[in-house]
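All remarks here apply to the structure that follows.
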Amino acid sequence: MKVGVVSFPGSNCDEDAVLAVAEHLQRPAVLLWHKDHDLQGADVVILPGGFSYGDYLRAGAIARFSPIMQEVVAHAKRGGPVIGICNGFQIACEAGLLPGALLRNANLQFRSMPVRLRVENTDTVFTRRARAGAQLTMPIAHGDGRYTADPETLARLEGEGRVVFRYVDAAGEVTDAANPNGAMHNIAGVTNATGTVVGLMPHPERAMEPLLGSADGLVLFQSLLQTM
Amino acid sequence: MKPFRVSVHIVPRKGLLDPQGKAVADALHTLGFASVAEVHVGRHLVIETQAGDAKAAEASVREMCGRLLANPVTEDFEIAGVVPA
């Protein structure tokens with residue numbers, strides 16, 4: 001299994017994602033330049049965090065038109081796994097790989113802190129190794145993370161179990177206080193209809209070892225090994 | 001083809017939470033503008049483009065809004081003006 005991490009101008013978690021795969025998963029990982037048209041044989045694509053194109057216009061709006069995104073979308077359409085982390089989630093939504101949009105945090109603050117997530121769906125290629133209902137701690141660092149979708153889309157996502165992660169409190173309950181950005185239904189991550197594309201605002205690649213405060217992000221990467 | 005300057009307003013969709021607009025409204029209330037009911041913060045874009053006539057210039061900018069300038073999930077747009085550049 002080979003992992004490709006896209007570098008957009010302004011990406012700043014791309015090297016972290018490469019390190020997470022190479023060091024903690026012991027699998028080859030390469031950076032993919034946004035202007036290229038070549039996935040370099042990657043079986044899995046990571047759209048990393050950062051501020052691609054300075055978040056001009058809307059977060060993710062311009063990155064979506066990068067040449068490499070044609071290849072990423074084609075890869076996703078073939079059923080290839082894609083994970084969008086933070087800015088990558090915003091890009092995946094703008095590109096139509098995932099429904100909805102990420103808006104300015106309701107509290108208007110940039111939130112950089114650990115959050116607690118509850119795993120709602122273990123039937124995606126990135127959560128297969130997780131236990132349903134498990135609680136994971138990972139950092140967030142974003143100003144535009146308020147997941148928003150129209151009522152029909154939201155009902156469809158909930159009805160089909162496509163919410164993958166929700167922000168919860170220490171007791172594992174979905175509360176307003178546990179919601180760092182005002183996301184609808186405390187949604188931190190969603191998946192596509194086939195469970196092959198996942199987007200989330202928290203950073204699993206920054207939670208790969210206890211030294212970093214949490215190793216709970218590992219399970220997302222280990223889940224890949226089960227399928228690939 | 002003639003040059004046109006097309007202005008577009010892009011605003012958060014009605015009914016969606018608009019925390020920036022609310023923060024500005026609160027600040028206006030603090031300043032004593034008690035009559036302010038609501039504020040919506042959006043973007044104003046000015047696009048200089050070539051088109052056969054004003055109608056074609058507007059149609060082209062509407063397509064740009066649909067494909068890039070406005071997010072169809074969360075934003076609405078209106079053409080605020082089309083003038084010869």
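Naming: A, B, ... by sequence-line order, numbering from 1 per chain.
Within a 6.0 Å radius of CZ in A:Phe110, other residues, nucleotides and ligands contribute more than 12 heavy atoms.
Of the listed residues (B:Thr74, B:Ile10, B:Leu68), the one with the most heavy-atom contacts under 4.5 Å to chain A is B:Leu68. Per-residue counts of heavy-atom pairs under 4.5 Å with chain A were compared for B:Lys22, B:Arg13, B:Glu75; the largest is that of B:Glu75. Between chain B and the residues A:Pro99, A:Ala61, A:Ala106, the most heavy-atom pairs under 4.5 angstrom are made by A:Ala106.
With a threshold of 4.5 angstrom between heavy atoms, A:Asn107 does not approach chain B through any atom at all. With a threshold of 4.5 angstrom between heavy atoms, B:Leu16 approaches chain A through side-chain atoms but not through N, CA, C or O. Contacts of A:Leu57 with chain B are made by both backbone and side-chain atoms, with heavy-atom separations under 4.5 Å. When heavy atoms are compared at a cutoff of 4.5 Å, A:Arg58 approaches chain B solely by way of its side chain, counted from C-beta outward.
Under a 4.0 Å N-O distance rule, the pair A:Glu152/A:Arg156 does not qualify as a salt bridge.
Under the side chain to side chain donor-acceptor pair (under 3.5 Å) test applied with A:Tyr167, the options A:Thr175, A:Asn186, A:Asn181, A:Asp176 reduce to a single match, A:Asn181. Checking each of A:Val45, A:Val198, A:Val73 against A:Val82 for a side chain to side chain contact (heavy atoms under 4.5 Å, CB included) leaves exactly one that passes, namely A:Val45.
Note: B:His9 and B:His44 have tilted aromatic rings, judged against thresholds of 30 and 60 degrees for the angle between ring planes.
In terms of heavy-atom proximity, A:Gln90 sits nearest to A:Met201 at NE2-CE, 4.0 Å.
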